[in-house]
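Each chain gets a letter, A, B and so on, in the order the sequences are listed, and its residues count up from 1.
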2 protein chains.
Amino acid sequence: MGKAYDVMAATCPSRTVLHRIGARWTVFVVTALEERPMRFVELKTRIQGITPKVLTETLRALETDGLVKRIDRSGKLPHVEYELTDLGRSLGVPLQAVREWAESHVPEITEAQERAARS
Amino acid sequence: MGKAYDVMAATCPSRTVLHRIGARWTVFVVTALEERPMRFVELKTRIQGITPKVLTETLRALETDGLVKRIDRSGKLPHVEYELTDLGRSLGVPLQAVREWAESHVPEITEAQERAARS
DNA sequence: GATACCGGTCACTTCAACGAAACTGGGGAC
DNA sequence: GTCCCCAGTTTCGTTGAAGTGACCGGTATC
């Protein structure tokens, strides 16, 4: 009875999701793609500091989770586009909630960290 | 001009937050403490599978971020309580949004993962 | 022919997180 | 005096994510 998923179970599915969005670059990629679909090089230049290897890995991970779709439009020239799926776009909503929480509580957090560092 | 924080900047503060909540055990600890303040051993038995070392680390991290308060009520016997700060309690809100998103989209994600595994 | 662009891959290293197991010290209970 | 409880600490090992830098084939442009 009760809930469909046990929050305290190690197998809780929210774990997977949280781990994915906690990954270093996921948020950047999703945020960039929220704006519009982009090509590999576009993402690479837009997301400052990301290496092609890590970008590939992140995109592949998001792809296997069904959050991003990879569209190969290559003719004679390579041309690959990445876009959010409906699922990916829907993730944007709670993600923004977290982002907003983070932004609005930055002062408190950094203050707490400094207080902890001093003591 | 524009936003106070640049989402694409590597120094974006939301990164810290996302990384923290992406950590393996943070959600469990916060969720448990949302219920009520708890002692070390209570948390350890409640959060199935966590080792004392990792629990300590997680609690210390949450403490330095100002999300959890450690209260030492030791008299002759050791007695330590952990409780959420106001900040920690406010994090519960966006956290629940993510958890709800995760739970309601689990079928789609696992299906996507299986589809990816088969191909 | 030389150079540059696109969309990556490969080999290697570094680092933090996580985990297992044992141990500690100061009580208290029997 | 022997055991257990609380709140951890210590040591060691494993894992996985991330970073570095070089390289790739095909095309196009000069």
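- In the set C:dG8, D:dG8, D:dA18, the nucleotide with an atom closest to the side chain of A:R24 is D:dA18.
- The CG atom of A:L43 sits 13 Å away from the C1' atom of C:dC6 (whole-angstrom rounding).
- As a whole-Å value, the separation of A:H19 NE2 from C:dC18 C1' is 10 Å.
- One can place CZ of B:F28 at 11 Å from P of C:dC18, the figure rounded to the nearest angstrom.
- Of the candidates D:dG8, D:dT27, C:dC18, C:dC18 carries the atom nearest the B:V54 side chain, counting heavy atoms from C-beta on.
- Comparing C:dG8, C:dG27, D:dA7 against the side chain of A:T56 picks out C:dG8 as the nearest.
- At the phosphate of D:dA7, OP1 or OP2 sits under 4.0 Å from a side-chain N or O atom of B:R39.
- Ion pair B:E35/B:R46 flagged as a salt bridge, since at least one NZ, NE, NH1 or NH2 atom sits closer than 4.0 Å to an Asp/Glu carboxylate oxygen.
- For A:E81 and B:L77, each mapped to the nucleotide of DNA chain C holding its nearest heavy atom, the one lying further toward the 5' end belongs to A:E81.
- Nearest-nucleotide assignment on DNA chain D puts the 5′-proximal partner with A:A23, out of A:A23 and A:P52.
- Atom NZ of A:K69 and atom CG of A:L84 lie 11.0 Å apart (nearest 0.5 Å).
- Considering only side-chain N and O atoms, B:Y82 lies under 4.0 angstrom from the phosphate OP1 or OP2 of D:dG8.
- Following rounding to the nearest Å, A:K53 (NZ) and D:dA17 (P) show an atom-to-atom distance of 10 Å.
- Sequence order on DNA chain D of the closest nucleotides to A:T51 and B:K44 puts B:K44 first from the 5' end.
- Looking at the side chain of A:V80, the nearest of the listed nucleotides D:dT9, D:dC6, C:dG7 is C:dG7.
- Of the candidate nucleotides C:dG19, D:dT9, D:dA7, D:dT9 has the atom nearest to the side chain of B:R60.
- Note that CZ of B:R20 and OG1 of B:T58 are 9.0 Å apart. Values are rounded to the nearest 0.5 Å.
- Among D:dA28, C:dG8, D:dC6, the nucleotide with an atom closest to any side-chain atom of B:V41 is D:dC6.
- With rounding to whole Å, A:E42 atom CD is found 9 Å from C:dC6 atom P.
- Remark: C1' of D:dA7 and CG of B:L59 are 11 Å apart, rounded to the nearest angstrom.
- For the side-chain contact (heavy atoms from CB on, under 4.5 Å) with A:I109, the qualifying choice from B:V17, B:T64, B:T16 is B:V17, the only one to do so.
- Contact check, B:R20 against C:dA16: no side-chain N or O comes under 4.0 Å of OP1 or OP2.
- Between B:R73 and B:E81 a salt bridge is recorded (basic side-chain N to carboxylate O distance below 4.0 Å).
- Nucleotide C:dG7 holds its C1' atom 16 Å from the CZ atom of A:R73, rounded to whole Å.
- Atoms CE (A:M38) and C1' (C:dG7) sit 17 Å apart, rounded to a whole Å.
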